[in-house]
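Chain A is the first sequence line, chain B the second, and so forth, proteins listed ahead of strands; every chain is numbered from 1. Keep in mind that the numbers below use all heavy atoms, side chains included, and drop hydrogens, waters and symmetry copies.
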Amino acid sequence: METNKNPEDLKTNAEPPVRKNFIREIVDDDLKTNKFEGRVHTRFPPEPNGYLHIGHAKSICLNFGLARDYKGFCNLRFDDTNPSKEEQEYVDSIEHDVRWLGFDWENRLYYASDYFDQLHEYAVQLIKKGKAYVCDLNADQVREHRGTLTEPGKDSPYRNRSVEENLDLFERMRKGEFPDGSRTLRAKIDMASPNLNMRDSVMYRVLRSTHHRTGDTWCIYPMYDWAHGQSDSIERITHSICTLEFEDHRPLYDWFVEQLGIYHPQQIEFARLNITYTVMSKRKLLQLVEEKRVKGWDDPRMPTISGLRRRGFTPESIRLFADRIGISKSESTVDVALLEDCLRDDLNKRSRRVMAVLHPIKLVIENYPDGVVEELDAVNNPEDATMGSRKVPFSKVLYIEQDDFREDPPKKYFRLSPGVEVRLRYAYIIKCVGVVKDEKTGEIVELRCTYDAETRSGSPQSARKVKGTIHWVSASHALDAEVRLYDRLFKVENPGGDDWRDHINPSALEVLKQCKVEPSLSNTTLQDRYQFERLGYFCVDDDSSGGSLVFNRTVTLRDTWARIEKA
RNA sequence: UGGGGUGUCGCCAAGUGGUAAGGCAGCGGCCUUUGGAGCCGCCAUUCCCAGGUUCGAAUCCUGGCACCCCAGCCA
């Protein structure tokens, strides 16, 4: 007897097996040795000075994914220690993006600024221990004393002040008695350390700037190195995951918690994400926005979460991508084709299919009766029968894609050309019997065809084979639409260097105003996603309103013909 | 040439001394009323290089080489 498939294969929505990586190995070991009493507690710590991008998504999926898989927790913590660059707008967008990606921090929303009092208290402790001092050197002087990569630094002349003096000075810094930049509180470590981070790292600077949460309460603000580890400790984070460039900050991270004698989280570093044909630094993305090279943080050309969302990406596709790229410590640049594959993989399964003509050309079926309209059945998604079907109106005058007709077809061209038959999807087989051209320009303005009435889809004769199938839209029923075609933001794989902006792809956005879409799209809503058959995946842009429809092309379908023709 | 890292297929990435997973890309083929989707097959005798240890090395040792990060009162 024929047996059924393994029951495992019949499971739906089965989570893909969790990919192994070096961080999970560390967590597994820590669990075995009971290093953190069997807890797993991570955090995602963005600075609210810009919008999140897909590189952050990698980190979000890592941190929240770890918490999910190990039955632990992941906090959302804003690293808001530099009020001169941070804004509430960014806080709001970050929260929105993390939620949209499908993660939930529940009641664990924190800010480094929540800990300003505690951090100040810790700093006083270090001063009392003789491990921190107030330094009167200005920024330039500090730099001069720091030494270089190959030469040790020199001690600050203020390094050996008494505890009492340091306490007094630090208190007066806090009260605002000294001008911005005039003094700092520094850790007293080792000016000769080969690790520059250990050369008496600055803990506090005097900075008069209104903080988005604490307002003008403070005029001294903690530096990243001082705030981050202590915040992790306060939240009892177990694994503090950050990117590679913080690797040589780890000794300092460890030094602070050890001097304080407080709970000690473990910092682990991994390689940040790079993707071909785009840029991923907040600085560059900010420049693109400020220099108006794109329309905003959510421009669909941007690799920001909000840009990808507006472009039509699904959170599922981004999570799938995060799973597939893996986690490691080697610097890498992922081929954007992988991202696109994850996108198509998800969109293929979920998108309703619909017919739309982007570059219309009129087609008249000479032997089809005037005034007759047939309602033809069209499947909504061949991948998912539960999505049902719809009716599409068919009549004598249609629009088809300019690309789907060639007066002089090359080899292997399966579409319409004079004397050749093609199937109109869900409708009839037609043959081209004439071409009408503009007398002056010679441009083709209309195609004359005949149809074979026996070949209507679903009828017995419809089985007749023809080389190609093309999509169409009934001229009198079609809706007008604007379609925005997006492509990669840069012309080169790795837009680096000072001239990176010179590589911006001017054709990354092409706007089509004369598109025709099937009438079932009349009651669509913002963000709805569709597959325009044979063309790609599209979503309804936020600029759509009332009567006007605007679609964004999320990604094209894989196009083997384009490849053949190119070769 | 101080310190910290990384080098496994075009791009990611497993591999943890027992004889190189997987995905993407690419290339063939099947199937198809989307040139879509799906399916099948091919795609690293070799792991940056050179020595060494071992019955056996991508994994251990020694010595090189290449690339990345660090001299913000940014994070």
Could you tell me whether Gly458(A) contacts a base, only the sugar-phosphate backbone, or nothing, with contacts defined as non-hydrogen atoms closer than 4.0 Å?
-> base

Name the nucleic acid region contacted by Ala337(A), choosing base, sugar-phosphate or nothing; use a 4.0 angstrom heavy-atom cut-off, strictly under.
-> sugar-phosphate

So which of residues 269-287 of chain A are in contact with RNA chain B, with a heavy-atom cut-off of under 4.0 Å?
-> none

Please figure out whether Lys20(A) or Asp180(A) has its closest RNA chain B nucleotide nearer the 5' end.
-> Lys20(A)

Dump the pairs, protein N or O against N or O of nucleotides 8-10 of chain B, anything under 3.5 Å, distances to one decimal.
none

Under the criteria of a ring-centre distance below 5.5 Å and an interplanar angle below 30°, is Tyr224(A) stacked with the base of rA75(B)?
-> no

Those residues at least two apart in sequence (or on a different chain) that pass salt bridge (Lys or Arg N to Asp or Glu O under 4.0 Å) with Asp559(A) are none

Please find out if less than 6.0 Å separates the ring center of Trp226(A) from that of Phe256(A).
-> yes

Could you list all N or O pairs between the protein and nucleotides 19-21 of chain B that sit under 3.5 Å apart?
none

Determine which nucleotide pairs with [N], using a 3.5 Å limit on both distances of a Watson-Crick or G-U wobble pair.
N: rA66(B); result: rU6(B)
N: rG38(B); result: rC30(B)
N: rU45(B); result: none

Any N/O donor-acceptor pair, Arg423(A) side-chain to rU33(B) base, under 3.5 Å | yes

How does each nucleotide of nucleotides 64-71 of chain B score, in 5' to 3' order, for protein heavy atoms under 4.0 Å: base (B), sugar-phosphate only (S), or none (-)?
-> ----SBBB

Give every residue pair that meets the side chain to side chain donor-acceptor pair (under 3.5 Å) criterion with at least one member in residues 330-339 of chain A, sequence neighbours excluded.
-> Ser328(A)-Ser330(A)

